[in-house]
Amino acid sequence: MESTENTIGILDSGVGGLSVLLEIRKKLPGTPVHYIGDSAWCPYGNKAAELIQSRSYAVTEQLIEMGARTIVVACNSATIHAVEALRARYPIPFVGMEPAVKPASLCTKSGTIGVLATEASIAGEKFHTLLKTHIHPKGLKVITQPCPDFVSLVEDGILDGAKVEAAIREYALPMVEAGADTLVLGCTHYPFLRESIQSVVGHDIQLIDTGAAVARRTATLVEDNEGLAPISVHTTGNLACLERLFPILCPSLPATLHQITIA
């Protein structure tokens, strides 16, 4: 497989990081990308920190073997529990994700922000550091809410309809009713539900995620090539599921799809 210096690797617990892949493709169309969704272990958000870290190591090593020279950790849970360890262990750049608390703190007018995230993200020290840095000094209020059903819905390719609306009403509406005017989509799966979330909470509520910001950061580390580079998407789960989901989540994005086993 190619070992081009600017090849990007992307890792996630499943298909959520494809939302980040879409943003990276817009910024770096000429850069080859290898994506691994660790769907056999999805979700990471309810796993112990030690397990998240060990899976991040294993997936990273596979991406490096494929030729990745910059790796995007397109998973908030993996970023919070593993990205610093990854940077210490491997001599290549890593770009992480974190809930968009800082931009939300600049956008809110009501002073109340809702953070929709995974259990692992909310429990992580990195998240609490974000609050201490960007929220507490301004006297803002943050409401957090784990959203396990959001991940399972996206992994099933269900982006709208009654099940999605019920989950949004359970997770997001109480935040709005408590005064939140800005909601942070703190997991890479959640942007695939953006339209449905917006329709339920109303268009006066601002939704923020960090996919585009991560793509901009990645573009500062990688020199793009001319033309359109190949994308390979791998799953540790069921290939037939990926083949069904990919056209739903990434319509018109050319990519080859593969199944991979990572111990």
Side-chain angles (χ1 to χ4, degrees), residues 1-28 31-39 41-45 47-103 117-118 120-121 124-130 133 186-189 191 209-224 229 231-234 236 260 262:
M1 306 183 83
E2 72 267 303
S3 58
T4 317
E5 282 302 312
N6 64 349
T7 298
I8 294 171
I10 302 177
L11 72 86
D12 183 42
S13 63
V15 298
L18 293 174
S19 64
V20 181
L21 171 59
L22 290 169
E23 297 293 343
I24 288 174
R25 186 61 162 187
K26 292 176 190 175
K27 296 292 291 185
L28 298 163
T31 301
V33 176
H34 295 298
Y35 178 102
I36 296 179
D38 195 16
S39 291
W41 292 82
C42 185
Y44 282 0
K47 303 292 192 300
E50 295 79 7
L51 178 58
I52 295 171
Q53 189 173 107
S54 68
R55 292 307 299 170
S56 298
Y57 286 158
V59 175
T60 291
E61 287 170 8
Q62 186 62 60
L63 287 169
I64 291 172
E65 186 176 325
M66 290 175 172
R69 295 296 175 265
T70 299
I71 292 181
V72 177
V73 183
C75 172
N76 287 269
S77 298
T79 296
I80 283 174
H81 293 292
V83 74
E84 295 305 330
L86 290 168
R87 287 170 176 153
R89 186 167 179 149
Y90 303 100
I92 60 173
F94 285 85
V95 180
M97 308 284 299
E98 59 185 28
V101 170
K102 180 180 179 180
T118 65
S121 293
E125 182 179 345
K126 195 176 184 73
F127 178 69
H128 291 283
T129 299
L130 286 173
T133 304
C187 170
T188 54
H189 284 76
D209 71 87
T210 53
V214 166
R216 290 193 297 272
R217 170 60 180 155
T218 305
T220 68
L221 300 172
V222 175
E223 185 176 350
D224 202 27
I231 295 173
S232 62
V233 177
H234 307 257
T236 61
I260 190 170
I262 301 177

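Numbers for residues simply follow the sequence, beginning at 1. Owing to the predicted nature of the structure, the values given are computational and were not obtained by experimental measurement.
The backbone N or O of E223 sits less than 3.5 Å from a side-chain atom of N6, completing a donor-acceptor pair. In this structure a side-chain-to-backbone donor-acceptor pair under 3.5 Å is present from T236 to S39. A donor-acceptor pair is defined here as one N or O able to donate and one able to accept, closer than 3.5 Å; such a pair exists between the side chain of K47 and the backbone of W41. A distance-only check finds a donor-acceptor pair linking the side chain of T118 to the backbone of S121 [under 3.5 Å]. Looking at T79, its side chain never comes within 3.5 Å of a backbone N or O of G96 through a donor-acceptor pair. A donor-acceptor pair under 3.5 Å is absent between the side-chain atoms of D12 and the main chain of G37, judged by distance alone. Within the 3.5 Å criterion, the main-chain N or O of I231 finds no donor-acceptor partner in the side chain of Y35. For N76 (side chain) and G186 (main-chain N/O), a donor-acceptor pair under 3.5 Å exists by modelled atom type. Panel note: side chain S19, backbone T188; a donor-acceptor pair is recorded below 3.5 Å. Looking only at distances, a side-chain donor or acceptor of H34 sits under 3.5 Å from a matching main-chain atom of M66.
Heavy-atom minimum distance, I8 versus A68: C-CB, 4.1 Å. What you find for A100 and T210 is that their closest heavy atoms are CB-CG2, 3.4 Å. Of all heavy-atom pairs spanning L28 and A219, the tightest one is CD1-CA, 4.0 Å. Between I262 and A58 the shortest heavy-atom distance is CG2-CB, 3.6 Å. Taking every heavy atom of both residues into account, H189 and G16 meet most closely at NE2-N, 3.3 Å. Contact detail for V73 and A78: the closest heavy-atom pair is CG1-CB, 3.6 Å.
By the neighbour-count criterion of 12 heavy atoms within 6.0 Å, atom CZ of R217 is sparsely surrounded, having that number or fewer from other residues, nucleotides or ligands.
Exactly one residue among L63, I10, V83 makes a side-chain contact (heavy atoms from CB on, under 4.5 Å) with I71. That residue is L63.
In this structure, the side chains of T218 and K27 stay at 4.5 Å or more apart for every pair of heavy atoms. Side chains of S56 and L86 form a contact here, defined as non-hydrogen atoms less than 4.5 Å apart. In this structure the side chain of M97 reaches within 4.5 angstrom of the side chain of V214, judged on heavy atoms.
Here the NZ-NE2 distance, from K126 to H81, works out to 11.5 Å after rounding to the nearest 0.5 Å. In this structure, CZ on R25 lies 8.5 Å from OG1 on T31, to the nearest 0.5 angstrom. Note that the CG atom of L11 and the CD1 atom of I36 stand 8.0 Å from one another [nearest 0.5 Å].
A side-chain donor-acceptor contact under 3.5 Å links Q53 and Y57.
Residues passing the salt bridge (Lys or Arg N to Asp or Glu O under 4.0 Å) test with R216, sequence neighbours excluded: none. With sequence neighbours left out, the salt bridge (Lys or Arg N to Asp or Glu O under 4.0 Å) criterion links R55 to D38.
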